[in-house]
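To start, the structure itself, in structure tokens.
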Amino acid sequence: MLIFPVLGALYKLVNRPTEQVYYLGTKFDEATPFIKYFALPYGVWIFFIYVCIVYFFFKDRKSYYRALLLYTVCALSCYIIYMVFQTYVPRPIVTGNDPFSWIVKYIYNRDQPFNCFPSIHCFSSYMVMRMILSSPARNRVNATLISSMSLIIIASTLFIKQHVVADAIGGVILVEFYIFIFFSLPSLYRSRSSKGSVHQRGFNA
């Protein structure tokens, strides 16, 4: 898990505008209200991801290693995309003086309005939800808790105007792409190879 601070350091290198910056927002995104209360789930995102991965370590070691692999390749893919296709999301002016407004201001001050597509918050939240739903350690409680929190975090990226819908969809597609490449495709190949071996043994018999 020491890969996390390394990836965090790399993130800072690409969190800046390039020569051309794109906006992927739609009328739906513009109509989505700014809700400062969603700053709380947005802010605890990385702790939620850590907790989920540590949970996988104790309950399902296979999902633990898969989650680390997926997070790493997805994050690196995001960084490459940010360098060649940088996007931004315009932010509202936060004038409140309550704790939730403070959290939003802190988030805005800490993170530049770039590095939006695909969303790291969204891909990682979707990733842990995907892992628990396919894990042999799945039960009603952990599936509900992890899935609910993941969906809330994904929604929070839209409601505090850190991302647009395209960013969230891009994060989901990124996870599904690497799941197919690393897990589904090899499993399909092994299945076909196994069937071929059975047919060959039957023919030789």
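- Minimum heavy-atom separation, Leu10 to Tyr79: CB-CE1, 3.7 Å.
- Between Tyr64 and Tyr55, the distance separating the two ring centers is not shorter than 6.0 angstrom.
- For the pair Asn142 (side chain) and Ile132 (backbone), a donor-acceptor distance under 3.5 Å is absent.
- Taking the ring centroids of Tyr88 and Tyr23, they lie under the 6.0 Å cut-off.
- Looking at heavy atoms from C-beta onward, Leu133 lies in side-chain contact with Ser147 at the 4.5 angstrom threshold.
- Side-chain atoms of Ser125 never come within 3.5 Å of backbone atoms of Cys122 as a donor-acceptor pair (strictly under, hydrogens ignored).
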Given Met131 and Leu70, is the side chain to side chain contact (heavy atoms under 4.5 Å, CB included) satisfied, shown in steps? CA-CA 10 Å; Met131 289 292 98; Leu70 284 174; 3.7 Å; yes

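- Listed here is the closest heavy atom pair of Ile181 and Pro186: O-CD, 3.3 Å.
- Between Phe38 and Tyr42, the distance separating the two ring centers is not shorter than 6.0 angstrom.
- Between Trp102 atom CH2 and Asn97 atom CG the span is 5.5 Å, to the nearest 0.5 Å.
- Listed for the Arg91 side chain is a donor-acceptor partner under 3.5 Å among the backbone atoms of Tyr108.
- Residues Asp60 and Pro136 share a closest heavy-atom pair of OD2-CD, 3.3 Å.
- More than 12 heavy atoms of other residues, nucleotides or ligands sit less than 6.0 Å from atom CZ of Phe34.
- Looking only at side-chain heavy atoms (C-beta outward), Ser150 and Tyr126 stay at 4.5 Å or farther from each other.
- No more than 12 heavy atoms of other residues, nucleotides or ligands lie within 6.0 Å of OH in Tyr37, so this atom counts as exposed by the packing criterion.
- A donor-acceptor pair is defined here as one N or O able to donate and one able to accept, closer than 3.5 Å; such a pair exists between the side chain of Ser156 and the backbone of Ile153.
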Do Ile103 and Leu40 pass the side chain to side chain contact (heavy atoms under 4.5 Å, CB included) test, and can you show the C-alpha distance, the side-chain angles, and the key distance before you say yes or no? CA-CA 7 Å; Ile103 297 174; Leu40 188 57; 4.3 Å; yes

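- Note that CE of Met127 is 10.5 Å distant from OG of Ser63, once rounded to the nearest 0.5 Å.
- In this structure a side-chain-to-backbone donor-acceptor pair under 3.5 Å is missing from His163 to Thr157.
- Tyr65 has its ring centre no less than 6.0 Å from the ring centre of Phe56.
- Side-chain contact between Thr72 and Tyr178: absent, with no pair of heavy atoms (C-beta onward) separated by less than 4.5 Å.
- Connection of Phe47 to Phe123 is established within a shared hydrophobic cluster, with ILVMFWY side chains joined at heavy-atom distances below 4.5 Å, either directly or through further cluster members.
- Within the cation-pi definition used here (under 6.0 Å to the ring centroid, within 45° of the axis), Arg16 does not qualify as a partner of Phe114.
- Here the closest heavy-atom approach between residue Ala75 and residue Leu7 is recorded as CB-CD1, 4.1 Å.
- Counting heavy atoms from C-beta outward, Met83 and Thr18 have side chains that stay 4.5 Å or more apart.
- The closest side-chain heavy-atom distance from Asp111 to Gln162 is below 4.5 Å.
- Using a cut-off of 4.0 Å between Lys/Arg side-chain N and Asp/Glu carboxylate O, Lys36 and Asp98 are scored as salt-bridged.
- Counting heavy-atom neighbours within 6.0 Å of Lys105 NZ, excluding the residue itself, gives a total above 12.
- Residues Leu69 and Phe182 approach most closely at CD2-CG, 4.0 Å, considering heavy atoms.
- Cluster membership for Val51 and Ile120, using ILVMFWY side-chain heavy atoms within less than 4.5 angstrom, is not shared.
- Relative ring orientation between Phe117 and Phe85 is described as perpendicular, the plane-to-plane angle rising above 60° on a 0-90° scale split at 30° and 60°.
- Under a cutoff of 6.0 Å and an axis angle of 45°, Arg61 and Phe57 form a cation-pi pair.
- Ile35 and Val94 fall within a single hydrophobic cluster, where Ile, Leu, Val, Met, Phe, Trp and Tyr are joined by side-chain heavy atoms under 4.5 Å apart, directly or via other members.
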Let me see the working for Leu68 and Phe4 under side chain to side chain contact (heavy atoms under 4.5 Å, CB included), right down to the final yes or no. CA-CA 9 Å; Leu68 288 180; Phe4 283 103; 3.7 Å; yes

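- Note: Tyr82 OH to Ser77 OG = 10.5 Å, rounded to the nearest 0.5 Å.
- Atom CG in Leu174 sits 13.5 Å away from atom CD1 in Ile169 (nearest 0.5 Å).
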Using side chain to side chain contact (heavy atoms under 4.5 Å, CB included), reason through Val128 and Phe48 one step at a time and then give a plain yes or no. CA-CA 9 Å; Val128 294; Phe48 168 70; 3.8 Å; yes

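- When atom types are taken as modelled, the side chain of Ser187 and the backbone of Phe183 share no donor-acceptor pair closer than 3.5 angstrom.
- Residue Val84 is not grouped with residue Ile173 when hydrophobic side chains (ILVMFWY) are merged at heavy-atom distances under 4.5 angstrom, including chains of intermediate members.
- Side-chain contact, Asn115 with Gln86: a donor N or O sits under 3.5 Å from an acceptor N or O.
- Under the 3.5 Å distance criterion, with hydrogens and angles disregarded, a donor-acceptor pair is assigned to the side chains of Thr26 and Asp29.
- The minimum heavy-atom distance between Trp45 and Ser124, with the atom names listed, is NE1-OG, 2.7 Å.
- Looking only at side-chain heavy atoms (C-beta outward), Met149 and Pro41 come within less than 4.5 Å of each other.
- Residues Val89 and Asp167 are in side-chain contact: their nearest non-hydrogen atoms beyond the backbone lie under 4.5 Å apart.
- To the nearest 0.5 Å, atom CG of residue Leu76 and atom CD1 of residue Ile81 are 11.0 Å apart.
- To the nearest 0.5 Å, the span separating CE on Met129 from CG on Leu151 amounts to 5.0 Å.
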